[in-house]
J.: 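Okay, handing you the structure first.
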Amino acid sequence: QVQLVESGGGLVQAGGSLRLSCAASGRAFSTYAMAWFRQAPGTEREFVAAINWRGDSTNYQDSVQGRFTISRDNAKSTAYLQMNSLKPEDTAVYSCAARSYGSAYERPGLYNWWGQGTQVTVSS
């Protein structure tokens, strides 16, 4: 069982930046494809960004393309989501997800392990 723990959420003004972290347990992080999803109150969970297990391919939701960057540090067993130029509509609980190997998938059902989430609130 892989445990994922997110951190880095908080309250920020529109136009500001945050960096989310997702720390994974175990020693197999380098073989995991990683992704970030978000869910705002009253809405369905939506894909934000993903990175394949090799770290050489990424995928982004259109609304965050150019503002958000997903990355990984295998030595630290941690994935990151750098969020710049934040907008009020980015407000949500952000969760990371992982699966063994694979590409930068958008579908949540393709991921096996999930974190509890971290709240991101962007004020206008």
Side-chain angles (χ1 to χ4, degrees):
Q1 182 71 12
V2 176
Q3 291 186 327
L4 303 175
V5 179
E6 301 95 336
S7 61
L11 173 64
V12 64
Q13 288 187 333
S17 297
L18 283 174
R19 188 177 79 158
L20 305 184
S21 299
C22 174
S25 65
R27 301 183 177 183
F29 180 81
S30 62
T31 66
Y32 300 156
M34 302 295 297
W36 288 93
F37 293 82
R38 67 186 182 187
Q39 187 169 19
T43 68
E44 294 186 356
R45 181 170 54 193
E46 65 175 0
F47 169 77
V48 177
I51 186 167
N52 69 341
W53 74 275
R54 289 190 177 90
D56 59 3
S57 178
T58 57
N59 188 14
Y60 296 94
Q61 183 198 111
D62 288 347
S63 69
V64 307
Q65 180 78 45
R67 298 190 297 123
F68 291 10
T69 303
I70 188 171
S71 62
R72 62 188 302 148
D73 185 337
N74 290 340
K76 296 183 178 180
S77 296
T78 301
Y80 302 98
L81 184 68
Q82 178 66 45
M83 305 186 295
N84 298 329
S85 302
L86 283 161
K87 303 175 181 180
E89 51 263 44
D90 294 319
T91 295
V93 174
Y94 284 70
S95 299
C96 65
R99 60 163 286 141
S100 291
Y101 298 104
S103 298
Y105 301 120
E106 296 183 15
R107 290 168 53 193
L110 294 177
Y111 292 89
N112 303 113
W113 305 292
W114 291 81
Q116 292 298 311
T118 185
Q119 177 70 46
V120 171
T121 303
V122 184
S123 63
S124 58

J.: How long is the straight-line distance from OH of Tyr60 back to OG1 of Thr69, given to the nearest 0.5 Å?
T.: 4.5 Å
J.: Distance-only, no hydrogens or angles: does the Ser30 side chain make a donor-acceptor pair with backbone N or O of Ala28 under 3.5 Å?
T.: no
J.: Centroid-to-centroid, Tyr111 to Phe37, below 6.0 Å?
T.: yes
J.: Going from CE on Met83 to OG on Ser17, what distance comes out if it is rounded to the nearest 0.5 angstrom?
T.: 8.5 Å
J.: Once salt bridge (Lys or Arg N to Asp or Glu O under 4.0 Å) is applied, what residue pairs with a partner in residues 50-74 remain, sequence neighbours excluded?
T.: Arg67-Asp90
J.: Any donor and acceptor pair, going by atom type alone, linking the side chain of Asn59 with main-chain N or O of Ala104 inside 3.5 Å?
T.: yes
J.: If you compare all heavy atoms of Leu86 against all heavy atoms of Leu18, which two are closest, and at what distance to 0.1 Å?
T.: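 So the minimum-distance heavy-atom pair works out to CD1-N, 3.9 Å.
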J.: Assess Arg99 against Trp114: is NZ or CZ under 6.0 Å from the centre of the six-membered ring, and within 45 degrees of the ring's axis?
T.: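 Ring-cation test returns no.
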J.: Rounded to the nearest 0.5 Å, what separation is found between the CD atom of Gln1 and the OG atom of Ser25?
T.: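 It is 8.0 Å, given to the nearest 0.5 Å.
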J.: To the nearest 0.5 angstrom, please state how far the CG atom of Leu81 sits from the CZ atom of Arg38.
T.: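 It is 9.5 Å, given to the nearest 0.5 Å.
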J.: Mind running side chain to side chain contact (heavy atoms under 4.5 Å, CB included) on Tyr32 and Val2 for me, showing each step along the way?
T.: CA-CA 10 Å; Tyr32 300 156; Val2 176; 3.1 Å; yes
J.: Minimum heavy-atom separation for Ser95 and Glu6, please, with both atom names.
T.: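 Taking every non-hydrogen atom into account, CA-OE2, 3.3 Å.
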J.: Should we count CD of Gln39 as having more than 12 external heavy atoms under 6.0 Å?
T.: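 Counting other residues, nucleotides and ligands, CD of Gln39 exceeds 12 neighbours.
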J.: Which pair of non-hydrogen atoms, one from Ser124 and one from Ala14, has the smallest distance, and what is that distance?
T.: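 Ser124 and Ala14 have their closest heavy atoms at CA-CB, 4.4 Å.
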J.: For Trp36 together with Tyr94, are the ring centres under 6.0 Å from each other?
T.: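 Centroid separation for Tyr94 and Trp36: 6.0 Å or greater.
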